[in-house]
Engineer: 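Mind looking over this structure? Questions follow.
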Amino acid sequence: MKKLQQQLKQIDGKSYKGYKQIQGNYKFPTYELFIDYVQGDPFAAPSKIRIRIPNKKRNIKKEWKKNKRRKTYAEDRLARAVAKAIFKNQTAVKGSGKSGMVAVDQPGQEILERTAVTLNEEDVTVCLTVGLPANGRRINGKQAETLFFTVLPEVMKQSIFSVQDKDIDEVCELADQHDAIAEEMKKNGWISFIADGSILPRESGISDRPMKKAVPFESPEENRVSFSIPHRNEPITGMALKKGIVLIVGGGYHGKSTLLNAMERGVYPHIKGDGREYVMTNPDAVKVRAEDGRQVTTVDISPFIKNLPHGTDTTQFSTENASGSTSQAANVMEALEAGAHTLLIDEDTSATNFMIRDERMQELVVKEKEPITPFIDKIKQMRDDLDVSTILVMGGSGDYFNVADEVIMMDQYVPHNVTGRAKEIADQYPSQRHSSIEEKFGSVPARAFLPATLQTRKGKKEKVQAKGRTTILMGKTDIDLDGIEQLVDPSQTRLIADLIMHMDKRGVLKKENTLQELLDQIEEQIDREGLEAFAPFKGQHPGDLARPRRFEIAATLNRIRTAKVKNLK
């Protein structure tokens, strides 16, 4: 600690590159400071530091780490405390560029496995980024001293050393409850559970916080379930949706898409007070939409589209500019290939001709002239042949009443089970459309991504970098992730970028494993070695990373414009 103080005095006023001298580790009274990476310029990407607090200085209960979920929730709670403390102390240091900036990878409404705070066997490690202070491009040693000896100790004091044990106990109890709900869902074959009293609408289109004065969720009697969960006096009640085909209907602005959005985000746990903390969806559920203009590489879309003009092969379909229907067909097939067991679809973001063709259109454009087998004609085969469920928001076509196992109608944000009435209407007004049903659904792709997919070089350097949540720069190409709606945090995108670089450097794709096998290996490695398994510098600051699901990793690979794929079927 005294050595660092001395060094800062010595380099004060010198060229900014002199900060490189302070890289290393330093002992403070209650923690050890590691300066892993020093920025080369006050305007460049900030420096990376770690703070390691031994358990004897901040007692960490064993029960907080007794299983994976509890540990993740405890780490998340501490990361939130650090972010709050940084916000309180943010104006203490001044200078040019990023001088005095202190940041932690701040969690949103979801609880994700992150590298921001890690509970280890003997200590707690906090990863931060800091802007080393400068006047112009010269070192401001006095402000740096304030940063290291006033601001950072105060941030730690107001966070790691101030969080009450009962606050961490509380999030660990939530972890136990989520485990219990997940177990109940698995036991009963539910694909989604929404607790009574949940607040599903969000504050606005740009805020993920709960809307004030929103109508609390109230489950329909036919779907209401009740069961006990830990740390709660009375049983939890709510709406359970069983495996199969679930239709969500209702008038515009009555809450159909809001309900589906809560379900699509329910693949991740949420913090207490979010309103969706007891909304849980099958973790293998994937939101599927049309995505005009996306790259598609060697995907078998023949279950939905065949006999294209000019003899285009749809068993190995590729295009640089997919239409709405071909992109949605590819998105469905890629989700199945990655292991999805539930599909979530909103009519509003779907290609109409992919979803349905009514009898009049069938009369005008005869079957021989129409290459698309609409989703309505394949949805039951997916359920029966592949054990894949579908939750579908539909406001415009009653033909789906014929195939639905359950119909939920939203009326002023209140759900009603109208399955019986929907079936009566289907009998009363029989559909005149012809079903294009074949005996079987068709085959699910099995492909291997080849090493040439990962073209990471830009000039003499290799570069893969996340730019926000929806873009990865890989070499000379951009990977557009805007259509991947369950990628919820920029830190997940950063991990995928690190993973791409790791796979390229290690030649992972040379083995020509199927995508399923590749995703299994990635998940096993994260479980075994942690998120830092793919970080560029082992044993140092692992970066601002959060865990993506296998489906979002697969979706990223599928959107690489330089992808080279081998069909293994």
Side-chain angles (χ1 to χ4, degrees), residues 109 177 181 184-185 188 190-205 207-227 229 232 234-267 269-270 272-282 285 287 342-350 389-398 400-401 403-426 485:
Q109 298 297 98
Q177 292 176 334
I181 295 169
E184 196 74 20
M185 289 175 69
N188 293 291
W190 302 337
I191 51 177
S192 193
F193 172 78
I194 297 139
D196 288 329
S198 295
I199 300 298
L200 305 187
R202 297 296 92 189
E203 202 169 51
S204 70
S207 170
D208 203 28
R209 295 177 185 278
M211 181 190 279
K212 290 170 182 148
K213 297 182 180 174
V215 177
F217 186 84
E218 189 181 337
S219 54
E221 278 302 322
E222 297 88 339
N223 298 82
R224 183 170 291 149
V225 295
S226 175
F227 55 96
I229 58 173
R232 187 177 166 117
E234 70 283 347
I236 191 168
T237 65
M239 178 174 84
L241 297 178
K242 292 178 183 170
K243 285 182 181 182
I245 300 163
V246 180
L247 207 58
I248 301 169
V249 301
Y253 303 99
H254 279 256
K256 303 187 300 294
S257 294
T258 299
L259 176 59
L260 189 75
N261 184 256
M263 290 181 197
E264 90 185 46
R265 290 297 186 98
V267 297
H270 287 74
K272 200 167 186 178
D274 171 79
R276 299 168 297 183
E277 59 264 48
Y278 298 121
V279 175
M280 292 182 69
T281 302
N282 176 357
K287 176 80 179 292
T342 303
L343 298 181
L344 308 172
I345 299 178
D346 194 331
E347 170 191 45
D348 284 353
T349 54
S350 295
S389 299
T390 304
I391 301 176
L392 174 62
V393 165
M394 180 57 68
S397 175
Y400 272 90
F401 294 171
V403 296
D405 295 312
E406 200 146 35
V407 184
I408 304 293
M409 184 170 78
M410 297 301 291
D411 183 2
Q412 297 184 50
Y413 284 88
V414 177
H416 302 271
N417 189 311
V418 294
T419 310
R421 179 68 184 127
K423 295 296 183 187
E424 279 174 20
I425 292 168
E485 295 184 45

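Remember, predicted model here, so these are calculated numbers, not experimental data.
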Engineer: Please name all residues satisfying side-chain contact (heavy atoms from CB on, under 4.5 Å) with Thr258, sequence neighbours left out, ordered by chain then number.
Structural biologist: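 Leu200, Pro201, Tyr413.
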Engineer: Does Ala195 offer a backbone N or O that forms a donor-acceptor pair with the side chain of Ser198 under 3.5 Å?
Structural biologist: yes
Engineer: Would you find a donor on one side and an acceptor on the other, under 3.5 Å apart, between the side chain of Lys256 and the backbone of Gly250?
Structural biologist: yes
Engineer: Rounded to the nearest 0.5 Å, how far does CD of Glu406 lie from OG of Ser389?
Structural biologist: 11.0 Å
Engineer: Which heavy-atom pair separates Met394 from Leu247 by the least distance, and what is that distance?
Structural biologist: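 It is CB-CD1, 3.8 Å.
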Engineer: Just wondering, more than 12 heavy atoms not from Lys423 lying within 6.0 Å of its NZ?
Structural biologist: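 More than 12 within 6.0 Å, yes.
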Engineer: Residues two or more places apart in sequence or in another chain: which of them pass side-chain contact (heavy atoms from CB on, under 4.5 Å) with Glu184?
Structural biologist: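 Glu184 satisfies side-chain contact (heavy atoms from CB on, under 4.5 Å) with Lys187, Asn188, Trp190, Phe227 once adjacent residues are dropped.
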Engineer: Working to the nearest 0.5 angstrom, can you tell me the gap between Phe193 CZ and Leu241 CG?
Structural biologist: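 Reported value, rounded in 0.5 Å steps: 10.5 Å.
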Engineer: Would you please name every residue forming a side-chain contact (heavy atoms from CB on, under 4.5 Å) with Tyr253, sequence neighbours left out?
Structural biologist: none
Engineer: Looking at Met409 and Val418, what are the two nearest heavy atoms and their distance?
Structural biologist: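 Taking every non-hydrogen atom into account, CB-CG2, 3.7 Å.
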Engineer: About how many Å separate OG1 of Thr419 and CG of Asn223, when rounded to the nearest 0.5 Å?
Structural biologist: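 Reported value, rounded in 0.5 Å steps: 7.0 Å.
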Engineer: Can you check whether Gly275's main-chain N or O pairs, donor with acceptor, with Glu277's side chain at less than 3.5 Å?
Structural biologist: yes
Engineer: Using a 3.5 Å cut-off and no angle test, enumerate the donor-acceptor pairs between side-chain atoms of residues 213-221 and protein atoms at least two apart in sequence or in another chain.
Structural biologist:
residue : atom : partner : partner atom : Å
Ser219  : OG   : Asp196  : OD1          : 2.8
Ser219  : OG   : Asp196  : OD2          : 3.4
Ser219  : OG   : Arg224  : NE           : 2.9
Glu221  : OE2  : Arg224  : NH1          : 2.5

Engineer: Where do Gly244 and Asp405 come nearest, in terms of heavy atoms and distance?
Structural biologist: CA-OD2, 3.3 Å
Engineer: Check salt bridge (Lys or Arg N to Asp or Glu O under 4.0 Å) between Glu203 and all other residues, then give those that pass, not counting sequence neighbours.
Structural biologist: none
Engineer: Indicate yes or no: at least one non-hydrogen side-chain atom of Ile181 is less than 4.5 angstrom from one of Ile236.
Structural biologist: yes
Engineer: Measuring from atom CZ of Arg421 to atom CZ of Phe401, what distance do you get when rounded to the nearest 0.5 angstrom?
Structural biologist: 9.5 Å
Engineer: Do the side chains of Met239 and Asn417 get nearer than 4.5 Å, heavy atoms only?
Structural biologist: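 No - every pair of side-chain heavy atoms lies 4.5 Å or more apart.
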Engineer: Would you name the heavy atoms of Ala262 and Val279 that are closest together and state the gap between them?
Structural biologist: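 So the two residues come closest at O-CG1, 3.6 Å.
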Engineer: If you round to the nearest 0.5 Å, how far is CG of Asp348 from OG of Ser257?
Structural biologist: 5.0 Å
Engineer: Decide yes or no for Met263 and Ile194: does some side-chain heavy atom of the first lie under 4.5 Å from some side-chain heavy atom of the second?
Structural biologist: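 Yes, side chains in contact.
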Engineer: If we only count heavy atoms from C-beta on, is the Ile391 to Leu343 side-chain gap below 4.5 Å?
Structural biologist: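 A side-chain contact under 4.5 Å is absent here.
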Engineer: About how many Å separate CD1 of Ile248 and CD1 of Ile345, when rounded to the nearest 0.5 Å?
Structural biologist: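 If I round to the nearest 0.5 Å, the distance is 11.5 Å.
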Engineer: Looking at residues at least two apart in the chain, or sitting in another chain, which of them share a side-chain contact (heavy atoms from CB on, under 4.5 Å) with Asp208?
Structural biologist: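 Here the qualifying residues are Gln109, Glu110, Arg202, Arg265, Arg276.
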Engineer: Counting only heavy atoms not in Gln412 (residues, nucleotides, ligands), do more than 12 fall under 6.0 Å from its CD?
Structural biologist: no
Engineer: Of all heavy-atom pairs between Ser350 and Asp346, which one has the smallest distance, and what is that distance?
Structural biologist: OG-O, 2.9 Å
